[in-house]
Structures are given as C-alpha cells and as structure tokens.
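Residue numbers run from 1 in the order of the sequence given. Nothing here was measured: the structure is a model prediction, and the numbers come from that model.
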Amino acid sequence: MCKDCGCSITDHDHGHSHDEEHSHSNESANHQAAHETLHHNPQLNDKKTISVIKKILDKNDHEASHNRAHFDSHNVLGINLMSSPGSGKTTLLENIVDMVDFKFAVVEGDLETSKDADRLKNKGIEAVQIQTGSACHLDAFMVHKGLHDVVLDDLDVCFVENVGNLVCPASYDVGTHLNIVLVSVPEGEDKIIKYPVMFRTADLILITKTDLLPYFEYDIEKEKKEARKLKPNVDILEVNIKDKDSLQNVIDWINFKRKMR
C-alpha cells in the first residue's frame with residue numbers, strides 16, 4: 001500500500017532465490033522522510049496503519065539494498081529519474097544516447113502502455129517496461145523484477161525512469177545510487193516549494209525546457225534558491241534539448257559520479 005495515496009501494490013514476491021543474506025543498512029533519507037510524514041497525516045496517523053506501513057517500507061528498503069548490491073557487483077551506476085509527467089525524462093534519454101561515452105539501459109515505469117519504452121528502443125536503447133497498474137510509483141521489488149531482463153554485464157549505467165509523480169516516488173528507495181529530479185519551466189515556479197520531499201531526495205535537479213523561458217513567468221534563480229533551502233548541497237543544471245552543451249553538462253555530471261564511485 002502506498003502511504004501517500006493508498007494505492008495497492010500487488011503481485012510482489014518479497015523473497016528471492018539468492019542464498020546470501022544482505023545486510024539491512026541504516027534507514028535512508030527517503031525512508032526517514034516517509035516515517036516523518038506518517039505522523040503529520042491524520043488519515044494515516046493510526047497505530048495499526050503505521051505498523052503496516054513501516055513493515056512495507058522496511059521490506060522495500062531491504063530489497064533496495066539488494067538491488068544496489070546487484071548494481072555494485074556489475075560495476076553499474078544506478079540512477080533514479082523522477083519528475084511529474086511531461087517534464088522530459090524520456091526525451092532526455094533519447095537525446096543523450098548519441099552523445100554519451102558510456103552504455104546505458106533503462107527500467108521504465110508507467111501505469112499503462114509501453115509507449116516510453118518503445119520510444120527508447122527505437123533509439124537503440126535497451127529498455128524494460130514495468131506497468132504498475134494502479135500504483136503511482138515504482139518500488140524496489142518492481143525494479144528487482146525488471147533487472148532480471150537487463151544484461152548488466154554490458155552496461156555502465158542503468159536508469160530507472162520512475163512513474164511521473166512528484167509525491168509517491170520520493171518515499172520509496174528503488175535501489176539506485178543517485179536520484180535525478182526534473183522540473184520543467186511550463187510547470188510553473190511553485191513545484192519545488194510545494195513538493196519538498198521530492199526535491200530533498202535529489203542529488204541533481206534538472207530545470208528542463210529552458211528554451212521556453214521567454215514565454216512563461218518563471219524566475220529560474222528564485223527556484224534554484226528554493227531548492228537549496230531544502231538541500232543546500234544539491235547540484236542544479238539548466239537543460240534545453242536544443243542546446244547540446246546543456247545535455248553535455250548532464251553527461252559530464254554522470255561521468256563525474258561514475259569516477260567518484
């Protein structure tokens with residue numbers, strides 16, 4: 001069950017065939033934020049509900065640790081892409097594929113259809129579609145299943161393109177190493193302050209569709225300040241797919257993180 005909207009996540013096999021025990025690390029920032037939210041949501045502020053949700057989050061975090069170990073064993077950097085619908089996650093991947101000096105694949109999450117995965121495949125990108133049905137986010141178990149269809153030995157980076165949503169994905173660690181959050185100029189300049197949990201999880205914020213700045217009232221410097229109030233050390237880049245230099249900046253950031261591992 002999603003703690004934010006109550007959607008049910010079904011068809012999970014919480015066990016896996018690996019014999020080794022994976023250590024359960026300290027709670028992630030995402031997990032901690034999720035538990036804090038419980039105490040401020042009157043609809044969920046019930047002892048039994050909190051107990052159930054805590055168990056869900058604990059199991060998810062355990063599986064996320066397993067996913068990260070799986071990436072690590074293949075020397076693959078896992079990156080979770082999050083944003084509201086239409087901010088440009090798929091478009092970003094389509095446009096960097098011919099520029100990158102590393103090989104990547106994508107675990108693609110959507111409620112229905114395989115449209116985004118098909119777009120990526122048409123660009124020669126290995127993509128695995130996960131249809132979540134009524135679930136408004138991916139979780140670690142879904143990603144674990146998706147990774148069974150990805151040949152990690154051939155990769156340097158694996159992107160998890162999360163379901164378009166600025167709320168629920170922020171609370172679920174899917175087992176990647178980094179979170180990139182996209183926010184586009186046409187969405188308006190209130191998204192960062194209205195959805196703080198999401199932007200606190202970000203290692204990198206991409207302000208996309210900056211070529212549209214002349215047509216919208218959008219104070220980009222103000223938005224950067226709002227983001228750094230939430231997370232002072234967050235990296236922020238401006239992106240315009242028509243500007244190859246802005247795309248190269250994203251690639252350079254990823255390559256820097258690869259070298260720092």
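- Remark: Ile220 CD1 is packed, more than 12 non-hydrogen atoms of other residues, nucleotides or ligands lying under 6.0 Å away.
- Distance check: Arg119 CZ to Leu93 CG gives 9.5 Å after rounding to the nearest 0.5 Å.
- Applying the side chain to side chain donor-acceptor pair (under 3.5 Å) rule to pairs touching residues 185-197 yields Ser84-Glu187, Ser87-Glu187, Ser184-Glu187, sequence neighbours excluded.
- Cluster annotation: Val181 is connected to Ile192 through the hydrophobic network of ILVMFWY side chains, with a link wherever side-chain heavy atoms come within less than 4.5 Å.
- Linking ILVMFWY side-chain heavy atoms closer than 4.5 Å, directly or via other members, places Phe159 and Phe256 in two distinct hydrophobic clusters.
- With rounding to the nearest 0.5 Å, the separation of CD1 in Ile236 from CD in Glu223 is 9.5 Å.
- Transitive grouping of hydrophobic side chains (ILVMFWY, heavy atoms separated by less than 4.5 Å) brings Val76 and Val150 into a common cluster.
- Residues Cys158 and Leu147 form a side-chain contact, since some pair of their non-hydrogen atoms from C-beta on lies under 4.5 Å apart.
- Residues Ile254 and Val250 form a side-chain contact, since some pair of their non-hydrogen atoms from C-beta on lies under 4.5 Å apart.
- Residue Val143 is not grouped with residue Val157 when hydrophobic side chains (ILVMFWY) are merged at heavy-atom distances under 4.5 angstrom, including chains of intermediate members.
- Using a 4.5 Å cut-off on side-chain heavy atoms (C-beta onward), Phe141 and Lys59 make contact.
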Run the side chain to side chain donor-acceptor pair (under 3.5 Å) test on Asp72 and His177 for me, step by step, so that the C-alpha distance in whole Å, both residues' side-chain angles and the decisive distance to 0.1 Å come before the verdict. CA-CA 9 Å; Asp72 289 340; His177 301 99; 2.7 Å; yes
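- Shown here for Ala227 and Ile205, the closest heavy-atom pair between the two residues is CB-CD1, 3.6 Å.
- A donor-acceptor contact shorter than 3.5 Å links the side chain of Asn60 to the backbone of Asp173.
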Please lay out, stage by stage, how Asn80 and Asn162 fare under the test side-chain contact (heavy atoms from CB on, under 4.5 Å). CA-CA 7 Å; Asn80 187 15; Asn162 222 307; 3.3 Å; yes
So Leu247 and Leu92, side-chain contact (heavy atoms from CB on, under 4.5 Å) or not? Walk me through it. CA-CA 8 Å; Leu247 295 177; Leu92 174 70; 3.8 Å; yes
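- Residues Asp243 and Glu238 form no side-chain contact, since every pair of their non-hydrogen atoms from C-beta on lies 4.5 Å or further apart.
- For the pair Ser83 (side chain) and Val183 (backbone), a donor-acceptor distance under 3.5 Å is absent.
- Between Arg261 and Asn75, some side-chain heavy-atom pair lies under the 4.5 Å cut-off.
- Heavy-atom minimum distance, Cys168 versus Cys136: SG-SG, 2.6 Å.
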Please test Leu178 against Leu77 for side-chain contact (heavy atoms from CB on, under 4.5 Å), starting from the C-alpha separation and ending with a verdict. CA-CA 8 Å; Leu178 298 168; Leu77 179 67; 4.1 Å; yes
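- Nearest heavy-atom pair, Val97 versus Lys123, reported as atom, atom and distance to 0.1 Å: CG1-CE, 3.9 Å.
- Between His66 and His62, the ring centre distance reaches or exceeds 6.0 Å.
- Scanning both residues, Trp253 and Asp203, for their nearest heavy atoms gives CZ2-O, 3.8 Å.
- The two atoms that bring Met142 and Ala135 nearest to each other are CE-CB, 4.0 Å, heavy atoms only.
- Between Leu138 and Thr132 the shortest side-chain heavy-atom distance falls below 4.5 Å.
- Screening Asn95, Thr208, Ile96 against Ile241 for a side-chain contact (heavy atoms from CB on, under 4.5 Å) leaves a single residue, Asn95.
- None of Arg200, Arg228, Lys224 except one satisfies the side-chain contact (heavy atoms from CB on, under 4.5 Å) rule with Val234; the exception is Arg228.
- The distance from the CG atom of Asn249 to the CG atom of Leu237 is 6.0 Å, given to the nearest 0.5 Å.
- Taking hydrophobic clusters as Ile, Leu, Val, Met, Phe, Trp and Tyr residues chained together by side-chain heavy-atom distances below 4.5 Å, Ile193 does not share a cluster with Phe199.
- Nearest heavy-atom pair across Glu161 and Leu120 is OE1-CD1, 4.3 Å.
- Distance CG/Leu230 to CE/Met198: 12.5 Å, rounded to 0.5 Å.
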Checking side-chain contact (heavy atoms from CB on, under 4.5 Å) for the pair Ile180/Met82: CA distance, chi angles, key distance, verdict? CA-CA 6 Å; Ile180 297 179; Met82 298 182 286; over 6 Å; no
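- Under the 4.5 Å side-chain criterion, counting only non-hydrogen atoms from C-beta, Lys89 is not in contact with Thr91.
- At a cut-off of 3.5 Å, with distance as the only test, no side-chain donor of Glu63 or Asn67 sits close to an acceptor on the other residue.
- Counting heavy atoms from C-beta outward, Val239 and Thr210 have side chains that stay 4.5 Å or more apart.
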Let me check something: any side-chain donor-acceptor pairs from residues 98-115 under 3.5 Å, sequence neighbours excluded? List them with distances.
from, atom 1, to, atom 2, distance (Å)
Asp101, OD1, Asn255, ND2, 3.0
Thr113, OG1, Lys115, N, 3.4
Ser114, OG, Asp118, OD2, 3.1

